Amino acid sequence: MLKIDRRRLSPLFARLLRTWGPQHWWPGETPFEVMVGAVLTQNTAWTNVEKAIANLVARDWLDADRIACLRRRDLAQCLKPSGYFNIKAQRLQAFCRWYRQAGGYPALAALPTAELREALLAVRGVGPETADDMLLYAFDRPVFVVDAYTRRLFSRLGLCSGDEPYEQLRSAVETAMGADVHAFNELHALIVRHAKEVCRVRPCCADCVLAGRCPAAHILPD
DNA sequence: TACCAGGAGAAAA
DNA sequence: TTTTCTCATGGT
């Protein structure tokens, strides 16, 4: 079973926070909007998701009851900028129908984390990362979100091999950091921010940037 | 032009 | 069980 050394993870977190500052995630007005964003951002740049959400808001459709009852093709048209629009229309309706049937946010927020996670994962179109995005950023549960950036960065730093099962990596980070909603919130957001700012510019050296000896270090604010 | 982006599920091996 | 394929727009 994978173990991540807290003495290596904590300085990494501190370095990211010092470099990029608090990220104030998730960008969303309400928990429901956060959950919609979590579905729409699957393998998609956030700027495209924002356009799709803006379309929903402009039509006054950012509502579980409304989305659940829309014609699939109307919703798909609205989601077009976020890509995979037919699949996402299907997934978002499946999620909204479940959300409504489950009693909405108050009823779901009353569930224990493990039970809520299991219920989310049973919704078609909600996988581990999407479920954990929702748990952390919409329900404030101490769950760490593992994404492709986390695997890439951690494997380059030698914290993991990168091909561990999702649950193993999530559990290892949660054990190393302790159940801390705020820390999980920031760490995941910072990893994404770091990837956007650095890996895109110079994909080979996310690790040496963090060690402070990267040729591209000039792009860092400190 | 080619590649990537805050994945998930189905199909094939 | 593991790997591969499909879904698709928009920015770089």
Side-chain angles (χ1 to χ4, degrees), chain A residues 13 16 20-29 31 33-56 72-98 117-139 141 143-156 161-170 173 181 183-206 216 219:
Chain A
F13 181 29
L16 287 167
W20 306 116
Q23 299 300 299
H24 308 293
W25 269 31
W26 182 289
E29 297 293 319
E33 185 179 333
V34 170
M35 292 186 272
V36 169
V39 172
L40 298 184
T41 198
Q42 291 170 357
N43 204 34
T44 300
W46 182 254
T47 50
N48 293 346
V49 175
E50 286 179 319
K51 292 171 187 169
I53 291 179
N55 286 344
L56 288 171
R72 178 73 51 83
R73 60 181 173 183
D74 291 337
L75 181 58
Q77 189 63 29
C78 187
L79 302 182
K80 207 160 189 177
S82 71
Y84 307 109
F85 49 84
N86 289 314
I87 293 286
K88 286 178 179 175
Q90 191 178 347
R91 290 178 181 176
L92 196 53
Q93 284 197 311
F95 172 75
C96 288
R97 285 167 184 160
W98 166 82
R117 188 167 195 272
E118 196 176 339
L120 284 166
L121 288 172
V123 179
R124 180 172 296 274
V126 177
E129 185 180 336
T130 305
D132 291 341
D133 274 332
M134 293 178 180
L135 287 166
L136 179 59
Y137 294 105
F139 291 96
R141 304 303 173 92
V143 171
F144 182 70
V145 180
V146 176
D147 65 351
Y149 293 142
T150 307
R151 289 182 184 280
R152 188 164 70 189
L153 180 61
F154 282 19
S155 65
R156 283 181 182 162
S161 67
D163 58 357
E164 293 88 352
Y166 182 96
E167 296 301 330
Q168 204 175 109
L169 195 44
R170 178 177 72 91
V173 174
V181 174
F184 291 158
N185 180 321
E186 282 299 342
L187 180 57
H188 174 62
L190 284 163
I191 289 170
V192 174
R193 172 72 184 276
H194 181 74
K196 283 182 182 172
E197 298 282 354
V198 180
C199 299
R200 185 166 51 80
V201 175
R202 193 176 285 261
C204 63
C205 62
I219 75 165

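Here is the naming used below: chain letters follow the sequence lines, and residue numbers restart at 1 for every chain. The analysis underlying the following values was restricted to heavy atoms, covering all of them including side chains, and did not include hydrogens, waters or symmetry mates. Owing to the predicted nature of the structure, the values given are computational and were not obtained by experimental measurement.
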Is it true that A:Arg117 and A:Glu167 have a side-chain N and a carboxylate O under 4.0 angstrom from each other? yes
Closer to the 5' end of DNA chain C via nearest nucleotide, is it A:Thr47 or A:Asn43? A:Asn43
Answer yes if the ring centres of A:Trp25 and A:Trp46 are under 6.0 angstrom apart, and no otherwise. no
Pick base, sugar-phosphate or nothing for A:Asn86, based on heavy-atom distances below 4.0 Å to the nucleic acid. sugar-phosphate
Under the criteria of a ring-centre distance below 5.5 Å and an interplanar angle below 30°, is A:Trp46 stacked with the base of B:dG6? yes
Does this structure show an ion pair linking A:Asp163 with A:Arg151, if we count only N-O contacts that are shorter than 4.0 Å? no
Reckon A:Lys88 touches a base, only the sugar-phosphate, or nothing at all at heavy-atom distances under 4.0 Å? nothing
Write down the distance between OH (A:Tyr84) and P (B:dG9), rounded to a whole number of angstrom. 14 Å
Taking the P atom in each of C:dG10 and B:dA8, what is the distance between them to the nearest angstrom? 22 Å
Roughly how many Å is it from CZ in A:Arg91 to C1' in C:dT6, rounded to a whole number? 10 Å
What nucleotide among C:dT9, C:dG11, B:dG6 has an atom nearest to a side-chain atom of A:Trp26? B:dG6
Contact check, side chains of A:Arg141 and A:Leu136, non-hydrogen atoms, under 4.5 Å: no
A:Thr44 or A:Arg124: which one's nearest nucleotide on DNA chain B is closer to the 5' end? A:Thr44
Interatomic distance at C1', C:dT2 relative to B:dG6, whole Å: 25 Å
Closest nucleotide among C:dG10, B:dG6, C:dA8 to the A:Ile87 side chain: C:dA8
Of the options C:dC7, B:dG6, B:dA8, whose atoms approach the side-chain atoms of A:Gln42 most closely? B:dA8
Kindly confirm whether the side-chain ring of A:Trp25 is stacked on the base of B:dG6, judged by centres under 5.5 Å and planes under 30°. yes
